[in-house]
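First the proteins, then the strands, lettered A, B, ... as listed; each starts at 1. Every heavy atom of this structure was used, including side-chain atoms; hydrogens, water molecules and symmetry mates were not.
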Number of protein chains: 2
Amino acid sequence: MMDVAERAQVSPSTVSLYLRKPDAVSATASRAIAEAIDALKYVPNLMAGGLAAASSRAVSVIVPSVRNAFFAETVATMQAELGKERLQVMLGHSEYSEREEENLVKMALSWKPAAVVLTGLSHSATTRRLLKDGNVPVLELWELGGEPIDMAVGFYHEQVGSTAATHLVQRGRKRLLFLGARLQEDRRATLRADGFLKTARETAGVSAEIVQHPAPANAAIGAMLLAEAIRKYPDIDAVACSNDHIALGVIFECQRIGVQIPERLSVIGFGDLSFSAACNPALTTIRPPGDLIGTEAARLILDRINETGRATPTVIDTRFTLLQRQSS
Amino acid sequence: MMDVAERAQVSPSTVSLYLRKPDAVSATASRAIAEAIDALKYVPNLMAGGLAAASSRAVSVIVPSVRNAFFAETVATMQAELGKERLQVMLGHSEYSEREEENLVKMALSWKPAAVVLTGLSHSATTRRLLKDGNVPVLELWELGGEPIDMAVGFYHEQVGSTAATHLVQRGRKRLLFLGARLQEDRRATLRADGFLKTARETAGVSAEIVQHPAPANAAIGAMLLAEAIRKYPDIDAVACSNDHIALGVIFECQRIGVQIPERLSVIGFGDLSFSAACNPALTTIRPPGDLIGTEAARLILDRINETGRATPTVIDTRFTLLQRQSS
DNA sequence: TTGAAAGCGCTAACAG
DNA sequence: CTGTTAGCGCTTTCAA
């Protein structure tokens, strides 16, 4: 930076100012500095900047796993949005463990991040304390309904379950079933199951049960669950799945054992994954706005950093969309 | 750190040493320092550390998109492995653009990363120059066959295509087709197509064509491609798909139009995605070792950082696996 | 709008 | 194995 300043005939602090707030520097100086940066191929050292400013241009994003398409979508969107403002995404995977999440938060704080982004509303006591004391913007994504540490962007998962149940009932179904995977770890899937069962059972003449498996969701588990469901509850006429991977397995299993969808069995999923519209039959599902969550989250972070006077909202409900297709 | 040193009755540099190389500090000092860190709830400032060391504990990982399950797998694995050594993953998405990748590399270099990880072997000239001059370990993942900037971990995609063709021919197929999506951007899918066509056409009595679509791969595109393929080449008896999303669409479309798999048509995919084994019929596919690529990459980076004397290899061929299932 | 000065909190020789 | 010393390359008042 000193070399750039020398070449541009200004002081280092003017170069620094130019880099951070270009508008505060005169056109003449700006031109000279830009030329010097270019000629010298100057690359700012963000470590030094972060040290001096006691805050870095890194945003720590912690999700259960980026292998999960939902979180991948949000992470990808956030990186794209934050990258435009030259903010770096630092990624961490909690693998659905609060202990691991806590470690990641500790590591993250060492970087003096511009913001910390978590998934969901349940965290260890230490995590909450670290973050509250940390004097850093905190965002919790993908879940609404509890008390956020700072800001939250997401939707109500009980509503998702409730919407699914209502939809199936409206289609004339009476014997409902929820098919869930890894419910012990996936709090949000559990909330969807709760909402589903509650709404279904509150409806006169409708019954609802749940069948689950502890392994992570995939189509093979979905197929197993459907087989087990048919065995346990031969008279079911509709299943709601904790996500579309499970629903895909249900579709394949029904094909194999000759259960007609939707005539004999209605199926609704969650996720609207890339294959859902192309299934045979096309899968009715509920689409969570993974990308919207990402853009809204990025916007809140940017607002905070730029302290745009106007108080930023604390909670954003992105809602979700029911997509009715052939399977119901 | 000075507070910790004072409380532990040692000098700050001993604390620093303890933090970086615990084994180099006496047991007595270690105990005292650990106690002090705990009591004071000391959180190291990695920005300061990075500045002083002229190198940070951040690893920049740039992939086309983490929405793609292949790269998500590698990113997740790398984060887990590097996280154990307290290295942070900084994520960037090139969206298959060399220009965007170049921007991300420039941003990454500002952080003085411990290593830069890219996807594939083709990059802009500037990217290559920046990285070669950057005096930073560079890894290129998921592709072998060219001249790596520094180190590479992956496999040969032409071999994948060739393996698929050979498999189909061995199953007695004669009229082969490659179904591809987004080949103009996805160099590795193009390499697989090339290998497939070459091997098929070199085989006596076997013909091979290609049908493609410019949109990103998903099941709907796969269904469209299959329909188009049947129209153009009514006598095909086998299709290889650029990935399993396409293959899934093919399976559904064949169900709809009544084409028997594998009797009338053999299908092979690429990816072994989470649904592939559970399809109806189960999908024959080629599994790329996304997790192995991640662990090997992490190992190379760690070796470099710790300068484990022994020269680290420059290129690692992880190979891939053919999984024969019902669809062929 | 610009510049001088004073660090930010740590690392890395080096000597002991 | 431990301590001394001299910065790393920026940002940020504050004054001009």
Side-chain angles (χ1 to χ4, degrees), chain A residues 1-34 36-37 40-58 86 88 107 109-114 134-136 305-307, chain B residues 1-34 36-37 40-58 86 88 107 109-114 134-136 305-307:
Chain A
M1 187 181 269
M2 289 182 72
D3 295 346
V4 170
E6 197 169 338
R7 180 171 177 126
Q9 307 267 45
V10 296
S11 75
S13 53
T14 303
V15 176
S16 173
L17 191 61
Y18 168 80
L19 256 15
R20 287 170 297 111
K21 298 176 180 161
D23 301 340
V25 176
S26 69
T28 340
S30 293
R31 235 187 318 283
I33 294 169
I37 285 176
L40 267 27
K41 297 189 194 305
Y42 168 68
V43 177
N45 182 330
L46 290 178
M47 305 298 286
L51 174 59
S55 158
S56 74
R57 293 195 71 75
R86 307 194 64 74
Q88 259 292 348
M107 263 183 75
L109 259 15
S110 289
W111 289 95
K112 304 281 172 195
N135 196 34
V136 58
I305 290 176
N306 305 330
E307 279 302 354
Chain B
M1 186 179 269
M2 290 182 71
D3 295 346
V4 171
E6 197 169 339
R7 180 172 177 125
Q9 307 266 45
V10 296
S11 76
S13 55
T14 303
V15 177
S16 173
L17 191 61
Y18 167 81
L19 255 17
R20 288 171 295 114
K21 298 176 180 163
D23 301 341
V25 176
S26 69
T28 340
S30 292
R31 234 187 318 282
I33 294 170
I37 286 176
L40 268 25
K41 296 190 195 304
Y42 167 68
V43 177
N45 183 330
L46 290 177
M47 305 297 287
L51 174 59
S55 158
S56 73
R57 292 194 72 76
R86 306 193 64 75
Q88 258 293 348
M107 264 182 75
L109 259 16
S110 289
W111 288 95
K112 303 282 172 193
N135 195 34
V136 58
I305 290 176
N306 305 329
E307 279 302 354

Looking only at non-hydrogen atoms, find the nearest pair between [X] and [Y] and report the distance.
X     : Y      : result
A:Q88 : B:W111 : CG-NE1, 3.0 Å
A:V43 : B:L109 : CG1-C, 4.4 Å
B:P22 : B:S30  : O-OG, 4.1 Å

Report yes or no: does A:S110 contribute a side-chain atom to a donor-acceptor pair with the main-chain N or O of B:L46 at less than 3.5 Å?
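No, because the side chain of A:S110 does not come within donor-acceptor range (under 3.5 Å) of the backbone of B:L46.
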Please answer whether the main-chain N or O of B:G50 pairs with a side-chain N or O of B:S56 as donor and acceptor at a distance below 3.5 Å.
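No: the side chain of B:S56 does not pair with the backbone of B:G50.
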Please state how far atom [atom1] in [X] lies from atom [atom2] in [N], giving the value in whole angstrom units.
X      : N      : atom1 : atom2 : value
B:I33  : D:dT2  : CD1   : P     : 7 Å
A:L51  : C:dC8  : CG    : P     : 9 Å
B:K112 : C:dT11 : NZ    : C1'   : 15 Å
B:M1   : D:dG3  : CE    : P     : 13 Å
A:M47  : C:dG9  : CE    : P     : 14 Å
B:R57  : C:dT11 : CZ    : P     : 10 Å
A:N45  : C:dC10 : CG    : P     : 17 Å
B:R31  : D:dC1  : CZ    : C1'   : 15 Å

Of the nucleotides C:dA12, C:dG9, C:dG7, which has the atom closest to the B:A53 side chain?
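Ranking C:dA12, C:dG9, C:dG7 by closest atom to the B:A53 side chain puts C:dA12 first.
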Can you identify which nucleotide, out of C:dC10, C:dT2, D:dG9, has its nearest atom closest to the A:A48 side chain?
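So the side chain of A:A48 is nearest to D:dG9.
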Hey, which sits more toward the 5' end of DNA chain D by its nearest nucleotide, A:L46 or B:A29?
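It is B:A29, whose closest nucleotide lies nearer the 5' terminus.
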Under a 3.5 Å threshold, yes or no: a donor from one side chain and an acceptor from the other, between B:S16 and B:S13?
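No - no donor-acceptor pair under 3.5 Å links their side chains.
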If you take any heavy atom closer than 4.0 Å to DNA chain D, which residues from residues 5-20 of chain A end up in contact?
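Within residues 5-20 of chain A, the residues near DNA chain D are A:S13, A:S16, A:R20.
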